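From a predicted model like this one, the values you see are computed outputs, not experimental measurements.
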Amino acid sequence: MDDLLKASALTLADMIRKRKVSSAEVVDAHIRQIEKVNPVLNAVVGNRFEEARKEAKEADRRVRASDGKAAPLLGVPCTIKECFSVEGFPRTGGLYSRRNDIQKSDATTVARLRKAGAIPLGITNVPELCMWMETHNTIYGRTNNAYDPRRIVGGSSGGEGAIISAGGTPFGLGSDIAGSIRMPAFFNGVFGHKPTGGLVPGTGQFPIPSNEALRYVTTGPLARKAEDLMPVLRILAGPDGKDSECRPFKLGDPTKVQIKGLTVLNVENNGILKVSPDLREAQAKCAEHLAQRGAKVRSTRFEGLKKTLEIWGAMLNASGGLTFTEMLGDGKPFRPLPELIKSLVGRSKHTFPAIALAALERIPKWMPKRAEKALQIGRELKEELKRELGPNGVMLYPSYPFPALKHRVPMRYPFHWLYTPILNVMEMPSTQTPLGLNKAGLPLGVQVASLPGHDHLTIAVALELERAFGGWVPPKLAV
């Protein structure tokens, strides 16, 4: 039982295929783990346990009939972020007005996982409209961290990060427009991969941006083992004829990447937000290890990173489409100030961070010249990153200034999430990699980023760092 809850999806698929264990046993073990930990975590907000058990029995029948030949993830359980369409379940994106929005079909990526044989166990919690680092909304409530329930799980794929961390599922489906895969992976001590922009279709998500911003929001896997990232990514990737910005990429093989000779840029901070000593030390150890393996490591900094907030906001705003405020209103006018007053007296169906973001969203439109300057700085930064990384380079970069904070504390530091969104508008792949625990028992980690189309390089470095530093450490709640 314990081994099943610590194994990778690939290992579980191989065991099922070789009939060393049945899918029914694997699925039931993870269901029981979710039932054990979810009362503390509140990560899984809708389950399909009975359907999953039936699908596991069917997977075992298929294994027997195929004599070992089967779909790559046949019989392996997973979970799905609530913002993706899953047939028969609500897709609210944490927005109270959409609590009865029951889906009649699966999102493209959910359908692709099912076709590959994966068995969804349920849907996981998100912040309101998937736009805050604390996973909390007025429909499902707040999600807690398995290492310390008093602490945040990140957002917006926070439910995914929490339940994977606690052993409830080997991998899950997340999305990321400003760090929504990487921050939850970081705070919960698991792996998370934000793919190259435009690699995976976003069809079937809510909320979803428009036009070129479809390349900024990316869909990708979170997992307890690094070896699952590329196989799941291959299943998810490729145009579906519906997402206008999704295009084909030829994905490389991370297992064939040689660390020796790799260019590694060690970027210790963004020039405006200091990083805690334990995270600085962990990142330095990564750089040192890669250098010992023969990588060409050098510390550097990029001045453009200081303008992350302006660049990210300006590029999203320039893409057009519905604004965050319009989506928050869900077809009705939304006025931040009256809603803020209602929130202060406990009468709003919206969370305070969402209301505040709606108010702040208007600022770039009031300063068009500053927005245009930010776009130019963004273009220059993209060219500088391309030049410095070269064809065989990765960048080590913090995921957040501190390990998981206590609940509500992020409101004191509303812009500390700025280590992740710049990579979205640069359309760069980034793999969040766990690096063990600090003295307080909280996960450490680092982002490994590279140029668009080089997902295999970031995942290859994540595999190497997992071998060197151990990767995911199961929390006490999970064992």
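Here the side chain of Asn269 pairs a donor or acceptor atom with the backbone of Gly271 at under 3.5 angstrom. Looking at Gln432, its side chain never comes within 3.5 Å of a backbone N or O of Ser430 through a donor-acceptor pair. Put simply, the side chain of Arg99 gets close to the backbone of Tyr96: a donor and an acceptor are under 3.5 Å apart. Asp240 contributes no side-chain N or O that, together with a main-chain N or O of Pro201, makes up a donor-acceptor pair within less than 3.5 Å. For Ser157 (side chain) and Glu160 (main-chain N/O), no donor-acceptor pair under 3.5 Å exists by modelled atom type. For Asp148 (side chain) and Leu442 (main-chain N/O), no donor-acceptor pair under 3.5 Å exists by modelled atom type. Without hydrogens or angle criteria, Ser85 side chain to Ala107 main chain gives no donor-acceptor distance under 3.5 Å. The backbone N or O of Asn270 sits less than 3.5 Å from a side-chain atom of Tyr419, completing a donor-acceptor pair. At distances below 3.5 Å, at least one donor-acceptor pair connects side-chain atoms of Gln33 with backbone N or O atoms of Ala166. For Asn144 (side chain) and Arg151 (main-chain N/O), no donor-acceptor pair under 3.5 Å exists by modelled atom type.
Between Asp228 and Lys225 there is no salt bridge, since none of the side-chain N atoms of the basic residue sits less than 4.0 Å from a carboxylate O of the acidic one. Under the 4.0 Å criterion applied to side-chain N and carboxylate O atoms, Arg215 and Glu212 are not assigned as salt-bridge partners. Taking the charged nitrogens against the carboxylate oxygens, Glu55 and Arg48 do have a contact shorter than 4.0 Å, which makes a salt bridge. Residues Glu427 and Arg247 are paired through a salt bridge, judged by an N-O separation under 4.0 Å between the basic side chain and the carboxylate. Salt bridge absent: Arg408 and Glu134 never bring a charged side-chain N and a carboxylate O closer than 4.0 Å. One finds a salt bridge joining Glu372 and Arg379 here, because a Lys/Arg side-chain nitrogen approaches an Asp/Glu carboxylate oxygen to under 4.0 Å.
Note that CD1 of Ile119 and NZ of Lys54 are 13.5 Å apart. Values are rounded to the nearest 0.5 Å. Atom CZ of Arg114 sits about 8.0 Å away from atom CD1 of Ile80, to the nearest 0.5 Å. Atom NE2 of His416 and atom CG of Leu273 lie 5.5 Å apart (nearest 0.5 Å). Leu305 contributes atom CG, which lies 9.0 Å from atom CE of Met426 (distance to the nearest 0.5 angstrom). To the nearest 0.5 Å, the span separating CG on Leu357 from CG on Leu129 amounts to 9.0 Å. Annotation: the span from Phe415 atom CZ to Leu309 atom CG amounts to 6.0 Å, rounded to 0.5 Å.
Closest approach of Cys83 and Val126 over heavy atoms only: N-CG1, 4.4 Å. Taking each heavy atom of Leu5 and Gly167 in turn, the nearest pair found is CD2-O, 3.5 Å. Between Gly445 and Phe186, the shortest heavy-atom contact is N-CE1, 3.5 Å. Here the shortest heavy-atom pairing between Ala237 and Val200 reads CA-CG2, 4.0 Å. Shortest non-hydrogen contact noted between Ile459 and Ala226 is CG2-O, 4.4 Å. Between Ala13 and Pro72, the shortest heavy-atom distance links the atoms CB-O, 3.3 Å.
Ring-plane geometry between Phe187 and Tyr400 is classed as perpendicular, the angle between the planes exceeding 60 degrees on a 0 to 90 degree scale with a lower cut at 30. Between His350 and Phe334, the angle of the ring planes goes over 60°, which puts this pair in the perpendicular group of the 30/60° scheme. Under the 30°/60° scheme for interplanar angles, the aromatic rings of His456 and His454 are found to stand perpendicular.
Between Pro353 and Met411 the shortest side-chain heavy-atom distance falls below 4.5 Å. In this structure, Thr420 and Gln447 have side chains that are in contact, with non-hydrogen atoms separated by less than 4.5 Å. By the 4.5 Å heavy-atom criterion applied to side chains, Pro195 and Pro429 are not counted as neighbours. Leu457 is listed as a side-chain neighbour of Val257, based on a closest heavy-atom distance under 4.5 Å. The shortest distance between side-chain heavy atoms of Leu12 and His30 falls below 4.5 Å. Using a 4.5 Å heavy-atom threshold, the side chains of His136 and Thr351 count as touching. The closest side-chain heavy-atom distance from Pro248 to Pro239 is below 4.5 Å. Residues Asn100 and Pro90 form no side-chain contact, since every pair of their non-hydrogen atoms from C-beta on lies 4.5 Å or further apart.
Using modelled atom types, one finds no donor on one side chain facing an acceptor on the other under 3.5 Å when comparing Asp243 with Thr203. Judged purely by distance below 3.5 Å, without hydrogens or angles, the side chains of Thr431 and His193 pair a donor atom with an acceptor atom. Inspection of the Ser165 and Asn188 side chains reveals no N or O donor paired with an N or O acceptor under 3.5 Å. Checked by atom type, the side-chain pair Thr92/Glu82 shows a donor-acceptor distance below 3.5 Å.
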**Message:** Show, in sequence, the C-alpha distance, side-chain angles and deciding distance for Leu477 and Leu41, and conclude whether the side chain to side chain contact (heavy atoms under 4.5 Å, CB included) test is met.
**Reply:** CA-CA 10 Å; Leu477 179 68; Leu41 302 180; 3.7 Å; yes

**Request:** Starting from the C-alpha separation in whole Å, work towards a yes-or-no answer on side-chain hydrogen bond (donor to acceptor under 3.5 Å, both in side chains) for Asn125 and Thr143.
**Result:** CA-CA 7 Å; Asn125 204 13; Thr143 299; 3.0 Å; yes

**Request:** Apply side chain to side chain contact (heavy atoms under 4.5 Å, CB included) to the pair Val446 and Tyr397, showing each step before the final yes or no.
**Result:** CA-CA 6 Å; Val446 69; Tyr397 195 49; 5.8 Å; no

**Message:** Using the rule given for side chain to side chain contact (heavy atoms under 4.5 Å, CB included), can you reason through Ile16 versus Val26, listing the C-alpha separation, both sets of side-chain angles and the distance that settles it, and then say yes or no?
**Reply:** CA-CA 9 Å; Ile16 292 168; Val26 172; 4.1 Å; yes

**Prompt:** Passes side chain to side chain contact (heavy atoms under 4.5 Å, CB included), Ile422 versus Trp312? Steps please.
**Reply:** CA-CA 6 Å; Ile422 193 66; Trp312 180 79; 5.8 Å; no

**Request:** Take Lys386 and Glu383 through the test salt bridge (Lys or Arg N to Asp or Glu O under 4.0 Å) and record every step on the way to the result.
**Result:** CA-CA 5 Å; Lys386 182 178 179 180; Glu383 288 303 311; 5.1 Å; no

**Prompt:** Can you check side-chain hydrogen bond (donor to acceptor under 3.5 Å, both in side chains) on Ser348 and Ser343, steps first, answer last?
**Reply:** CA-CA 5 Å; Ser348 178; Ser343 174; 5.3 Å; no

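Both the sub-6.0 Å distance and the 45° axial angle are satisfied by Arg98 relative to the ring of Phe206.
Across Lys81, Lys194, Gln205, a single residue satisfies side chain to side chain donor-acceptor pair (under 3.5 Å) together with Thr219, and that is Gln205. Each of Cys78, Pro77, Ser8 was scored for a side-chain contact (heavy atoms from CB on, under 4.5 Å) with Pro170, with one residue passing: Pro77.
More than 12 heavy-atom neighbours from other residues, nucleotides or ligands sit within 6.0 angstrom of NZ on Lys382.
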